[in-house]
Protein chains: 2
Amino acid sequence: MTVFFSKKCEYALQAILLMAASEHESVFPDEEISKKLNIPKEFISKFLQSLTESGLIESKKGKSGGFRLAKHPSKIKLINIVEAIDGLDSFNTCVLGFPKCSAENPCPLHDKWGELRIKAYEMLSEKNLEHFKEITVQKINSI
Amino acid sequence: MTVFFSKKCEYALQAILLMAASEHESVFPDEEISKKLNIPKEFISKFLQSLTESGLIESKKGKSGGFRLAKHPSKIKLINIVEAIDGLDSFNTCVLGFPKCSAENPCPLHDKWGELRIKAYEMLSEKNLEHFKEITVQKINSI
DNA sequence: CTTTAATCAGATAAAATAATCCGATTATAA
DNA sequence: TTATAATCGGATTATTTTATCTGATTAAAG
């Protein structure tokens with residue numbers, strides 16, 4: 001396996017990047033997200049519901065409804081999505097799976113992995129969605 | 001989820017660290033590995049077989065049989081185990097799950113993730129098992 | 001030669017994750 | 001007010017991963 005994010009989380013990150021890259025307050029129905037990102041349509045409501053519960057997006061029922069960001073892109077960071085979907089446990093567990101790995105009882109990779117973990121966290125939290133607009137548009141157009 | 005290694009791979013890394021930390025040429029039956037590392041006994045043969053096929057360890061059948069390293073610990077690196085169990089695909093795929101992520105069509109995290117991936121690879125390949133002997137002994141004694 | 005203790009290999013079961021389906025509800029717009 | 005198009009939520013299915021079971025084989029030791 002060797003996954004970093006679950007599929008749900010990957011999809012959620014892609015979807016929210018897509019929303020942030022578009023006109024503010026645009027509403028996206030499942031169908032549109034599915035087509036633009038090649039995500040199984042029926043699966044979308046599953047992870048977008050989690051994001052709705054977390055207050056990151058809002059859902060609008062009925063005709064011409066769909067999902068949209070609940071905040072301005074500048075107020076959202078990728079780590080918020082990861083936390084909502086996968087949680088932050090993996091930033092605190094031993095990479096080798098040893099129990100009670102700590103500075104007192106470190107595993108052979110404890111220190112190195114600790115550094116990488118911090119860098120990974122930074123990667124997800126140092127920028128907000130506003131910063132990713134342009135590159136996201138380009139990426140999506142290339143799919 | 002947000003896993004880095006599969007459970008199989010974690011177990012395999014732990015098991016091979018254990019073997020490398022002991023007297024050279026010691027033979028370890030399933031039972032012993034299971035007890036020392038709290039790994040389900042029946043599951044051990046599953047991933048140790050993969051390591052046997054890869055030539056990292058040898059299995060000895062019959063009474064007083066078991067598994068032992070096929071090479072000196074100084075000739076084995078953690079990346080060898082990862083490659084044998086999980087493969088190296090994750091070092092080449094997009095962290096956000098976008099298709100065809102590349103320098104020409106990068107995802108928003110392409111560069112940052114690229115750096116981290118290299119550091120992760122280094123973490124697994126810069127040292128050999130000989131280096132981890134002492135810390136492994138301490139870690140296992142603390143379980 | 002027989003007993004014993006181990007791996008091996010294949011089948012199966014359980015659990016987690018990913019994907020699909022469908023009826024109920026909701027709200028827009030004709 | 002009615003038809004339409006969307007989410008919502010629960011149930012179900014499929015797939016993958018993890019774990020267990022069992023019988024066959026092997027080899028050491030008495």
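Computed from a prediction, not measured in an experiment: that's the story for all the values here. In the text below, chain A, chain B and the rest are named by the order of the sequence lines, each starting its count at 1.
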Check the pair B:L109, A:L78 against side chain to side chain contact (heavy atoms under 4.5 Å, CB included), reporting the backbone distance first and the verdict last.
-> CA-CA 10 Å; B:L109 297 182; A:L78 295 178; 3.8 Å; yes
Give the C-alpha distance, both sets of side-chain angles, the deciding distance and a yes or no for side chain to side chain contact (heavy atoms under 4.5 Å, CB included) between A:L56 and A:M19.
-> CA-CA 11 Å; A:L56 292 166; A:M19 293 191 213; over 6 Å; no
Walk me through it: do A:I44 and A:L37 pass the test side chain to side chain contact (heavy atoms under 4.5 Å, CB included)?
-> CA-CA 11 Å; A:I44 289 178; A:L37 298 173; over 6 Å; no
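Ring pair A:F47/A:Y11 is tilted by interplanar angle, where 30° to 60° counts as tilted.
Distances were taken from every side-chain heavy atom of A:K63 (C-beta onward) to each of D:dA6, C:dA27, D:dA27; the shortest belongs to C:dA27. Between D:dA28, C:dA19, D:dG9, one nucleotide has an atom nearer to the side chain of A:Q49 than all others, and that is D:dG9.
When atom types are taken as modelled, the side chain of A:N105 and the backbone of A:S102 share no donor-acceptor pair closer than 3.5 angstrom. Between the side chain of B:S34 and the backbone N or O of B:D30, no donor-acceptor pair lies under 3.5 Å.
Mapping A:S64 and A:K61 onto DNA chain D via the closest heavy atom, the residue that lands nearer the 5' end is A:S64.
At whole-Å resolution of the value, CD in A:Q14 and P in C:dA18 are 13 Å apart. Rounded to whole angstrom, the span from the CZ atom of A:R68 across to the P atom of D:dA6 amounts to 16 Å. Put simply, CD on B:E58 is 14 Å from P on D:dA27, counting in whole angstrom units. Rounded to an integer number of Å, the gap from B:I57 CD1 to C:dT7 P is 10 Å. Per the geometry, CG belonging to A:L51 stands 15 Å off C1' belonging to D:dT7, to the nearest Å. Atom P of nucleotide D:dT17 and atom NZ of A:K7 are separated by 12 Å, given to the nearest angstrom. Distance CG (B:D30) to P (D:dA19): 15 Å, rounded to an integer number of Å. Per the geometry, CG belonging to A:D86 stands 11 Å off C1' belonging to C:dT17, to the nearest Å.
Salt bridge status for B:K119 with B:E122: absent, with no side-chain N to carboxylate O gap under 4.0 Å.
Heavy atoms of A:G62 sit under 4.0 angstrom from at least one base atom.
Less than 4.0 Å separates DNA chain D from at least one heavy atom of each of the following residues of residues 31-48 of chain A: A:K46.
Residue B:Y11 places no side-chain N or O under 4.0 Å from the OP1 or OP2 atom of D:dT18.
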